[in-house]
Visitor: 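Attaching a single structure in structure tokens format; questions to follow.
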Amino acid sequence: QLQLVESGGGLVQPGGSLRLSCAASGAALDKYSIGWFRQAPGKEREGVSCISKSSGFIFYEDAVKGRFTISSDNAENTVYLQMNSLKPEDTAVYYCAARLFEGWGCPRYEYEYQYWGQGTQVTVSS
């Protein structure tokens with residue numbers, strides 16, 4: 001059973017940076033697609049970025065394109081989300097999710113994912 005644990009959230013000023021980690025255990029991620037999602041207070045959970053480990057395909061939603069970078073470390077079995085130029089509207093609980101996926105592209109919607117972490121809070125405020 002794959003388990004995911006997020007870390008790296010916190011309070012940061014606008015324009016600052018954070019790096020979130022999604023550490024996996026129970027299986028190697030090489031045949032998985034991993035997505036980052038976020039849920040702001042009073043809003044539905046939305047996709048942020050995803051990576052397909054088998055193909056290397058990466059996708060970013062428009063709201064974060066150019067500011068966020070998704071990457072992975074095979075040795076650590078961990079996926080990262082580097083978040084730069086943070087804005088108050090980036091404030092949310094951030095979740096990573098995973099599913100077995102070996103096609104081209106990566107699933108973008110939460111219903112497509114099977115395994116979820118517990119989330120980590122990111123607050124962007126002065």
Side-chain angles (χ1 to χ4, degrees):
Q1 179 88 359
L2 183 70
Q3 292 184 319
L4 304 172
V5 178
E6 301 98 333
S7 62
L11 173 64
V12 63
Q13 292 186 341
S17 298
L18 284 174
R19 188 179 78 158
L20 306 183
S21 300
C22 174
S25 61
L29 290 177
D30 56 327
K31 291 182 173 61
Y32 284 79
S33 179
I34 297 88
W36 281 99
F37 294 81
R38 65 187 183 185
Q39 187 167 21
K43 295 189 176 181
E44 294 187 351
R45 190 153 53 185
E46 63 179 7
V48 173
S49 178
C50 58
I51 181 170
S52 178
K53 292 284 287 172
S54 61
S55 67
F57 182 89
I58 287 175
F59 175 82
Y60 299 100
E61 296 292 345
D62 286 345
V64 306
K65 199 175 294 182
R67 300 188 297 122
F68 290 11
T69 302
I70 192 170
S71 63
S72 65
D73 184 326
N74 290 338
E76 297 293 329
N77 211 32
T78 297
V79 173
Y80 301 98
L81 186 69
Q82 177 67 44
M83 306 187 297
N84 298 329
S85 302
L86 283 161
K87 305 174 182 180
E89 51 263 44
D90 294 318
T91 295
V93 178
Y94 283 71
Y95 300 88
C96 65
R99 62 160 286 174
L100 285 167
F101 185 82
E102 295 189 83
W104 180 246
C106 56
R108 290 175 54 189
Y109 304 103
E110 61 175 307
Y111 72 86
E112 298 181 276
Y113 285 87
Q114 182 178 4
Y115 303 99
W116 289 82
Q118 82 289 349
T120 186
Q121 176 71 47
V122 171
T123 303
V124 185
S125 175
S126 55

Visitor: In terms of hydrophobic clustering (I, L, V, M, F, W, Y; side-chain heavy atoms under 4.5 Å; direct or indirect links), are Met83 and Val79 co-clustered?
Guide: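 Per the 4.5 Å side-chain linkage, Met83 and Val79 are co-clustered.
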
Visitor: Stepwise, does the side-chain contact (heavy atoms from CB on, under 4.5 Å) test hold for Arg67 with Asp90?
Guide: CA-CA 11 Å; Arg67 300 188 297 122; Asp90 294 318; 2.7 Å; yes

Visitor: If you round to the nearest 0.5 Å, how far is SG of Cys22 from CG of Leu29?
Guide: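 It is 7.0 Å, given to the nearest 0.5 Å.
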
Visitor: Indicate yes or no: does Lys65 engage Asp62 in a salt bridge with an N to O separation below 4.0 Å.
Guide: yes

Visitor: If we only count heavy atoms from C-beta on, is the Tyr113 to Cys50 side-chain gap below 4.5 Å?
Guide: yes

Visitor: If you measure from CG on Leu100 to OH on Tyr115, what distance do you get to the nearest 0.5 Å?
Guide: 6.5 Å

Visitor: Do Arg38 and Leu20 come within less than 4.5 Å of each other through their side chains, counting heavy atoms only?
Guide: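 No, every pair of side-chain atoms sits at 4.5 Å or beyond.
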
Visitor: Give a yes or no on whether the backbone of Val124 and the side-chain of Thr91 come within a donor-acceptor separation of less than 3.5 Å.
Guide: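 Answer holds: yes.
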
Visitor: Indicate the ring-plane relationship of Phe37 and Trp116, choosing parallel, tilted or perpendicular according to the 30° and 60° boundaries.
Guide: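 The rings of Phe37 and Trp116 sit tilted, inter-plane angle from 30° to 60°.
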
Visitor: Does the side chain of Lys31 come within less than 4.5 Å of Lys53's, by heavy atoms?
Guide: no

Visitor: For the residue pair Tyr94 and Trp36, is the inter-centroid distance of their aromatic rings smaller than 6.0 Å?
Guide: no

Visitor: Looking at every non-hydrogen atom in both residues, tell me the closest pair between Val93 and Gly119 and how far apart they are.
Guide: CG1-CA, 3.9 Å

